[in-house]
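Because the structure is a prediction, the values reported are computed rather than measured. Lettering of chains follows the sequences in order, A, B, ..., and the numbering in each one begins at 1.
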2 protein chains.
Amino acid sequence: MKRNTWQRTAVREALGARDDFVSAQQLHASMKAGGSPIGLATVYRALSDLAEEGDADALRAGDGESRYRACVSAGHHHHLICRSCGRTVEIQADDIEHWAAGVAAAHGFRDPQHVVDVFGTCAACAEVDGA
Amino acid sequence: MKRNTWQRTAVREALGARDDFVSAQQLHASMKAGGSPIGLATVYRALSDLAEEGDADALRAGDGESRYRACVSAGHHHHLICRSCGRTVEIQADDIEHWAAGVAAAHGFRDPQHVVDVFGTCAACAEVDGA
DNA sequence: ACCTTGTTGAGAACGATTCCCGAAATCAGG
DNA sequence: CCTGATTTCGGGAATCGTTCTCAACAAGGT
Ligand SMILES: [Zn+2]
Ligand SMILES: [Zn+2]
Ligand SMILES: [Zn+2]
Ligand SMILES: [Zn+2]
């Protein structure tokens, strides 16, 4: 049975307080900085639980580090992420879902899953760079 | 200037001899097994060069390991990958390209890139599981 | 052949994540 | 409110993929 500990709640809240993707280590550091005595391993466990339950989005960045973000919209969706500041927009596109399912089916693949992420430089960051 | 060493050629050929995604370590092991004295670091370097030049596809799996595959079709494309045996189908879908570009533009994001991969269990593997 | 300079490779270093395991906490049941 | 069974915690060690270091080496131009 799954128990409710203040640690899990704390991670959930700490993650919810941010609106961009953070790594487990970053989150742990900021929680510690805020006075919480929570352990790093626990943050890892809580985050992977949240991701499994669909309450958080997981994202594997190019540097081999997993980043997490509290889910804003319910249900399946994708992300448009600023590669510079991490600002994130949630995207829902049924076309993509159908396309992915269709591609899998067309080649006889079962239980299709898909990874769809769009990266770019957001307007704010583009301005800073250009300035 | 970029030099041509037998090591780079060997990696290119070893990768081309396979038709699924392999990790740097797997490729290194199989090259060693085949009698090559090539070093692990060199395989890593060669693979990341190949990926940069667009001669190989790179893919970050869920376990945090990078896998590579010789590019069959030229130009930009995506993959449909069997999560069990690694069998891979290259996919080209202009719809997706347009959609990704459109999503980025609609939110003011510049220099869009995207990650689009579809995973599933191929017919052969589904049969084995079911049997 | 000779020199310049990019490349190699063994092992050390690194960094993110997971494992270990004794201690502490949760919660159902009494 | 106790109690006991069982889960979770957490600090540090272990793991594991990848990158770095640096002395020896080799590709190519002249
Ligand atoms: Zn930005
Ligand atoms: Zn989707
Ligand atoms: Zn398969
Ligand atoms: Zn594409």
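Phosphate proximity of C:dA25 to A:T5: absent, as no side-chain N or O sits under 4.0 Å from OP1 or OP2. For C:dA16, the OP1/OP2 oxygens have no side-chain nitrogen or oxygen of A:S66 closer than 4.0 Å. Between A:N4 and C:dA25, a side-chain N or O to OP1/OP2 separation shorter than 4.0 Å is absent. One finds a side-chain N or O of B:Q7 lying less than 4.0 angstrom from the OP1 or OP2 phosphate oxygen of C:dG9. Listed pair B:T42 / C:dG9 meets the phosphate criterion, a side-chain N or O lying under 4.0 Å from OP1 or OP2. Considering only side-chain N and O atoms, B:Y44 lies under 4.0 angstrom from the phosphate OP1 or OP2 of D:dT18.
Distance B:D63 CG to D:dT15 P: 18 Å, rounded to the nearest Å. Separating the NZ atom of B:K2 from the C1' atom of D:dA26 is a distance of 17 Å, rounded to the nearest angstrom. To the nearest angstrom, P of C:dT18 lies 11 Å from CG of A:D49. Put simply, CG on B:L47 is 16 Å from C1' on C:dT7, counting in whole angstrom units. Rounded to an integer number of Å, the gap from A:R3 CZ to C:dA24 P is 16 Å. Put simply, NE2 on A:H28 is 15 Å from C1' on C:dT18, counting in whole angstrom units. The CZ atom of B:R12 sits 13 Å away from the P atom of C:dT7 (whole-angstrom rounding). Going from atom CD of B:E65 over to atom P of C:dG15 covers 20 Å, rounded to whole Å.
Looking at which nucleotide of DNA chain D each of B:Q25 and A:I38 is closest to, the 5′-most match is held by A:I38. When the nearest nucleotides of DNA chain D are assigned to A:A41 and A:M1 by heavy-atom distance, the more 5′-ward of the two goes with A:M1.
Checked by distance alone, B:R45 brings no side-chain donor or acceptor within 3.5 Å of a matching partner on the base of C:dG6.
More than 12 non-hydrogen atoms from other residues, nucleotides or ligands lie less than 6.0 angstrom from CZ of B:R83.
Contact detail for B:S73 and B:Q92: the closest heavy-atom pair is CB-NE2, 4.4 Å. Closest approach of A:T121 and A:C82 over heavy atoms only: CA-SG, 4.1 Å. The minimum heavy-atom distance between A:H78 and A:V116, with the atom names listed, is ND1-O, 3.1 Å.
Nearest to the side chain of A:A24, among D:dC9, C:dT17, D:dT18, sits C:dT17.
A:H98 places a side-chain N or O within donor-acceptor distance of the main-chain N or O of A:D94, the cut-off being under 3.5 Å.
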